[in-house]
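First the structure, in the form of structure tokens, and then the observations on it.
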Amino acid sequence: MDTYSIVPLLTVLVSLAATVLIVFAGQRPNVRELWTILASVAKFALVLSMVPMVLDGRYPAVTLLAISPGISIALRADPMGMIFALSASVLWIFTSFFSIGYMRGLEEHKQTRYFACFAICLSATMGIAFAANLLTFIIFYEILTIATYPLVIHKETPEAISAGRKYLAYLLSGGLALVLAIALTLGIADSVDFVPGGFLAGQEAAGNGRLLLLFFLFMIGVGVKSAVIPLHSWLPTAMIAPTPVSGLLHAVAVVKAGVFGFVRAIGFVFGPQLLHDIGASYILAGFASATILLASLLAMWQDNLKLRLAYSTVAHLSYIVLGAALLAPSAWTGGLLHIVNHAAMKITLFFCAGAIYVRTHCENVSQLDGIGRQMPFTMAAFALASMGLAGMPPVGGFISKWFLLQGTLAPGGHHAFLIVLLLSGLLNAGYLFPIVVRAFFRHSDNFPRFGEASPLLVVPLVLTAGLSISLCLWPDGIFHFYGLASRVAVAVLGGGG
Amino acid sequence: MILEAFTDRYVYFMTVALLIIGLYGMLGKRNLLKKLIGMIVFQTAVFLFFIEGATKFFIENGTKLRGSVPVIDPQLGTDPALYVNPLPHVLILTAIVVSVATTGVALALLLTIHRGYQSLDEKVILERMRQ
Amino acid sequence: MTYLPILIPVPLLLFAFIGTLAGLWRRSLAYGAALLGTAISLGVATAGLVVVLSEGNLHHFLGGWDPPWGIEYVLDPLSAFMAMLVTFIGLVVLIYSRQSLLHELPERVVPLYVLKLLLLAGLTGIAVTGDLFNLYVFLEIASLAAYALMAVGGRQSAMAAFRYVVLGTIGGTFYLLGVGFIYFSTGTLNMADAAQRLPALYESRAIMAAVAFIVLGLGLKMALFPLHVWLPDAYTYAPSAVAGLIAPIMTKVFAYALVRMFLTVFQPDYFRVTLPVTDIIGWLSAAGIVIASILAIAQRDLRRMLAYSSVAQVAYIGLGIGLANPLGMIGALLHILNHAFMKACLFLIAGGIRFRTGLVDIPLFAGFGRLMPWTMAAFTMAALSMVGIPPACGFFSKWYLVLAGLDAGNWVFVAVILISSLLNAVYFFRVLEQVYIRPLREGVAEEQVREPPAEMLAPILVLAAGIIILGIINVVIVTQVLYPVTEPLR
């Protein structure tokens with residue numbers, strides 16, 4: 001049931017307002033950063049304030065003016081949007097502090113532009129999370145594409161510029177595929193409002209071929225952002241961006257917007273039944289499985305730490321896609337929880353990479369021998385997050401993987417996917433644990449003495465590591481991620497979580 | 001029959017001929033002044049077409065006659081069929097004014113162009129433009 | 001109330017006289033006259049639109065002669081919309097013109113203001129007239145003013161203008177020839193009257209020839225690909241304040257005239273079923289979008305790039321007309337509005353940069369983002385809109401066109417629209433990269449690179465804001481104004 005509330009709109013506007021303030025405070029770094037932090041805290045508080053209502057089954061919703069005949073800009077905080085919005089907004093707070101430390105530590109240029117674009121990105125992310133229909137979704141989706149571009153090219157080196165071009169070429173094409181998909185959808189259904197179980201459900205009359213085409217367009221549209229192989233190659237290239245950008249945007253906001261789009265498309269546009277009937281779910285699950293394995297293998301070959309993490313991101317994003325494609329309640333719960341868990345773990349890893357870079361200017365795995373002695377907190381957090389990604393308790397990744405594994409055994413699942421997941425756990429260990437081993441057990445004269453990076457960098461990463469653990473030990477926590485995820489699964493699939 | 005069709009319509013054939021000559025002048029000639037002349041011929045062809053379109057024929061005593069100027073002649077009476085249609089004449093009067101104005105503008109432009117490039121040859125000018 | 005239609009072009013003509021006389025006494029008065037005339041006209045057009053939407057169409061019979069003998073002026077939602085658009089862009093660009101013209105052509109400001117008024121009078125006249133021959137007269141008034149306006153930018157612009165004179169005259173004369181065929185077949189020049197009489201004559205060769213000549217003539221005037229050859233040079237070498245006025249509205253008004261022929265004078269089925277007119281327009285436009293966009297990528301001079309982009313964008317309008325379904329028409333008409341705002345904004349920005357630095361080549365704009373933040377913010381806005389990023393208005397015209405393409409089952413057109421978005425992105429992000437990322441070029445004097453004066457910056461920012469506002473309120477325009485227009489297509 002919807003209740004009228006402008007809170008979802010406020011979550012979008014708060015960082016947009018902050019953007020203006022940031023730009024005008026450009027000459028005074030302290031004031032500027034204050035706005036960033038205030039906005040992030042305010043946004044988080046706003047999102048959090050909606051949790052009780054949403055758990056109660058009352059969804060705050062607001063409809064603004066129409067933007068195409070019969071379709072309005074509408075925001076609606078349903079449980080699924082809440083999961084995404086909560087994880088993005090809580091991690092934005094940490095990232096804000098980390099960014100300040102990172103940017104100041106490296107004495108980066110054009111920091112005003114950086115913080116302003118970051119704030120716009122978060123606005124767009126909230127818009128994507130709370131979009132109540134496809135047209136609202138695409139608007140924020142495109143804004144996110146554009147607002148991330150200045151962050152990708154932040155270094156302004158020739159490599160950064162060509163990375164930016166690649167980024168735009170991929171993401172704008174994806175956006176166009178999505179526009180076409182939405183236009184086609186309008187030809188089949190009258191409305192494009194998201195409905196649990198799919199608003200296209202029962203439209204088999206549109207024909208199998210047409211629906212499959214539509215599904216492929218959706219897949220391309222959101223698949224680019226979620227870096228599904230073979231549409232992934234912009235993501236490693238975009239790692240040239242500053243590390244906090246890679247952390248929040250290329251592990252949480254942007255790529256998760258793509259994955260979120262997948263889940264929306266599967267659960268709220270097509271609906272599980274229709275997707276199953278046209279045979280698309282297996283195709284998608286196949287693509288996701290291939291991506292998981294291939295990207296994990298590719299990650300092994302990367303010496304650059306951020307690139308290794310990027311390929312790992314590609315793999316883990318497809319965990320979520322796989323979860324959604326399995327069309328089983330527990331797989332859905334697992335996939336949705338993985339949005340949160342992966343976000344917390346991967347951002348920890350990126351923060352670690354950033355802290356190492358600021359402190360030592362090392363970017364490559366092979367240079368990290370013995371760094372654990374110099375930066376014990378950082379590397380401890382790194383080790384924890386690595387365990388989580390490999391699916392070990394007591395880190396959040398274990399929970400989501402557990403549910404995903406259950407999903408593969410549920411009706412409609414297949415043992416092959418079980419094997420994929422288990423294998424990928426091993427691969428994860430294979431590309432992450434060597435780093436930990438190097439850091440703590442190899443001896444090297446490079447890092448003789450204790451020297452952590454500035455607290456602005458270390459505290460956020462320790463906190464996000466702590467968050468990842470708490471997500472395992474106490475999955476409902478103050479955020480109620482589990483409750484939200486199981487509600488989505490029930491709403492979409494109708495079964496028990 | 002064929003001859004009659006021709007004598008009735010020869011103005012139209014001339015119109016078409018003039019149109020083609022004009023188009024050729026505008027598009028085929030390199031000299032800008034010749035282009036302008038082509039343009040004037042082209043416009044004039046259309047004027048002729050309108051004027052010819054205004055004529056009316058009527059049969060009197062078995063001979064085919066053209067209508068008179070559209071001023072009421074006491075001998076002819078007020079039967080409109082006996083007079084040519086005055087409206088196209090009025091329209092073309094306007095169009096001629098337009099044509100004169102266009103020609104004036106074009107001549108002024110040619111002066112400027114000639115001052116700027118010391119030539120009216122399109123090819124030469126285009127070369128100098130790209131420099 | 002029935003005087004409203006004629007009251008739109010009349011103030012412009014009247015103030016053209018007043019401006020000439022006042023300009024003889026004091027030059028600066030010509031500017032005031034131009035501003036006042038356009039503002040009055042805009043006021044009337046706005047009032048006209050409001051009245052028309054609430055009370056229905058207004059008809060005015062010039063001199064009290066009833067149609068079909070007298071000349072009729074009609075204000076319906078579409079013509080009021082066009083008149084309002086023309087006068088609004090006219091007013092904004094006039095405000096911009098003062099500084100720009102004083103800088104570029106200080107000796108000739110009086111005739112330039114007068115010519116601008118005449119141009120606007122011609123264009124609004126085309127919008128409101130209900131008479132085929134009267135449309136020709138206004139078409140020539142607008143064209144003559146445009147020839148003269150374009151020619152004053154130096155020897156290159158004189159050459160460009162001359163070519164425009166030649167091709168423009170062919171266009172105008174073809175139109176006149178077509179009107180002649182219609183008149184001699186039907187005996188009327190009144191559009192509504194002709195619409196009544198034409199269906200009986202649809203099989204006649206004369207009427208078919210009339211359609212061919214009229215479409216060809218208007219196609220030349222609106223620079224419909226491949227009849228666009230006069231446009232790039234003309235826009236490139238014209239003075240900034242002139243390109244800023246002509247590029248956004250002139251070709252669009254001729255596109256409007258084409259729509260009038262399609263919807264009002266002839267029945268839509270004549271163009272889309274009996275004769276393959278809309279098909280031809282649509283396919284040529286599709287080719288034009290792709291080719292002109294690629295040519296735009298190849299340009300160094302910002303103004304020339306914008307000129308080729310204009311060819312591509314006019315082809316969008318042609319594509320919408322070519323689709324010949326209600327959504328396509330809505331997309332085309334909405335794009336007339338949207339593109340007017342975007343292209344005006346972009347040309348004014350090009351002029352603003354030239355005003356301060358004298359530069360026109362894109363690679364020399366490196367590093368301007370920091371030094372001209374407002375101007376470049378506006379440029380970014382307009383560029384994103386051209387690429388089709390929501391919620392800027394450019395997205396929505398493409399949106400309707402895509403919907404229309406799918407509705408018609410024409411996948412090629414849909415693909416063309418989508419691909420052209422990417423091509424737009426290529427040439428606009430190329431500029432943005434220079435402006436925001438690359439450092440200032442050596443030899444470009446940093447102290448020169450400043451925001452243009454407020455009188456020039458304000459119009460730019462108004463248009464940039466308009467781009468967003470139009471995007472957000474597009475549904476109001478579509479449902480209130482454009483939807484009723486497409487009635488004959490349903």
Side-chain angles (χ1 to χ4, degrees), chain A residues 23 26 64-73 109-110 112-113 124 127 135-147 149-150 153-158 160-162 164-165 167-188 210 213-214 217, chain C residues 326-327 330 334 366-367 369-370 373 377 380-381 383-384 387-393 395-396 398-409 411 414-415 417-426 428-430 432-434 436-439 471-480 482-483:
Chain A
V23 169
L64 304 169
L65 73 182
I67 42 166
S68 178
I71 308 172
S72 301
I73 296 185
H109 67 161
K110 297 192 179 168
T112 305
R113 181 179 77 188
L135 213 54
T136 312
F137 181 83
I138 183 79
I139 288 177
F140 288 108
Y141 195 80
E142 295 281 58
I143 293 175
L144 184 60
T145 302
I146 295 298
Y149 171 71
I153 52 140
H154 183 83
K155 280 189 179 159
E156 303 192 350
T157 55
I161 292 172
S162 68
R165 287 183 187 160
Y167 167 82
L168 277 181
Y170 270 81
L171 284 250
L172 287 179
S173 309
L176 289 176
L178 200 53
V179 169
L180 182 56
I182 297 170
L184 263 180
T185 313
L186 264 181
I188 298 173
R210 196 155 162 212
L213 171 73
L214 187 57
L217 284 171
Chain C
L327 280 166
I330 286 175
L334 191 64
R370 184 170 51 88
T380 311
M381 193 65 249
L384 292 180
V387 174
I389 303 295
C393 62
F395 170 77
F396 292 99
K398 287 182 189 172
W399 170 246
Y400 292 111
L401 288 176
V402 168
L403 288 179
L406 292 176
D407 211 31
W411 285 88
V414 172
I417 296 165
L418 296 176
I419 289 168
S420 83
S421 284
L422 287 182
L423 295 174
N424 282 356
V426 172
F428 277 110
F429 273 96
R430 198 171 56 113
L432 291 176
E433 265 180 17
Q434 291 291 345
Y436 282 110
I437 302 174
R438 313 259 183 204
I472 291 174
I473 64 162
N474 81 82
V475 169
V476 179
I477 300 166
V478 167
T479 52
Q480 296 291 314
L482 303 182
Y483 187 74

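Per chain, numbering begins at 1; letters A, B, ... match sequence-line order.
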Non-hydrogen atoms of chain A under 4.5 Å away: do they reach the side chain of C/Leu384, the backbone, both or neither? side chain
Kindly write out the residues that satisfy side chain to side chain donor-acceptor pair (under 3.5 Å) with C/Tyr400, not counting sequence neighbours, or none if the list is empty. C/Asn474
Between C/Leu406 and chain A, with a heavy-atom cut-off of 4.5 Å, which part of the residue counts as in contact: side chain, backbone, both or neither? side chain
Taking A/Ile71, A/Ile182, A/Leu64 one by one, which has the highest count of heavy-atom pairs under 4.5 Å against chain C? A/Ile182
Shortest non-hydrogen contact from A/Tyr149 toward C/Glu433: OH-CG, 3.5 Å
Minimum heavy-atom distance between A/Pro69 and C/Val475, given as atom pair plus value: N-CG2, 3.9 Å
Contact class of A/Leu184 relative to chain C, heavy atoms under 4.5 angstrom: both
Measure C/Tyr483 against the heavy atoms of chain A and call it side chain, backbone, both or neither at under 4.5 Å. neither
Which heavy-atom pair separates A/Ser68 from C/Trp399 by the least distance, and what is that distance? OG-NE1, 3.1 Å
Between C/Arg438 and A/Ile161, is there a side-chain heavy-atom distance shorter than 4.5 Å? yes
Heavy-atom cut-off 4.5 Å, strictly under: side chain, backbone, both or neither for A/Leu65 against chain C? side chain
Can you tell me which of A/Thr145, A/Ile153, A/Leu168, A/Ile143 forms the most heavy-atom pairs within a distance under 4.5 Å of chain C? A/Leu168
Shortest non-hydrogen contact between C/Phe396 and A/Ile67, atoms and distance: CE2-O, 3.3 Å
Could you pull out the closest heavy-atom pair between A/Glu142 and C/Gly388, with the gap in Å? OE2-O, 4.5 Å
Is chain C contacted by the side chain of A/Leu172, its backbone, both, or neither, given a heavy-atom distance below 4.5 Å? both
Looking only at A/Ile73, A/Leu135, A/Leu180, the option with the highest number of non-hydrogen pairs under 4.5 Å against chain C is A/Leu180
Applying salt bridge (charged side-chain N to carboxylate O under 4.0 Å, His left out), can you list everything that pairs with A/Arg113, at least two apart in sequence or on another chain? A/Glu156
Chain C contact via A/Phe140 - side chain, backbone, both or neither, heavy atoms under 4.5 Å: neither
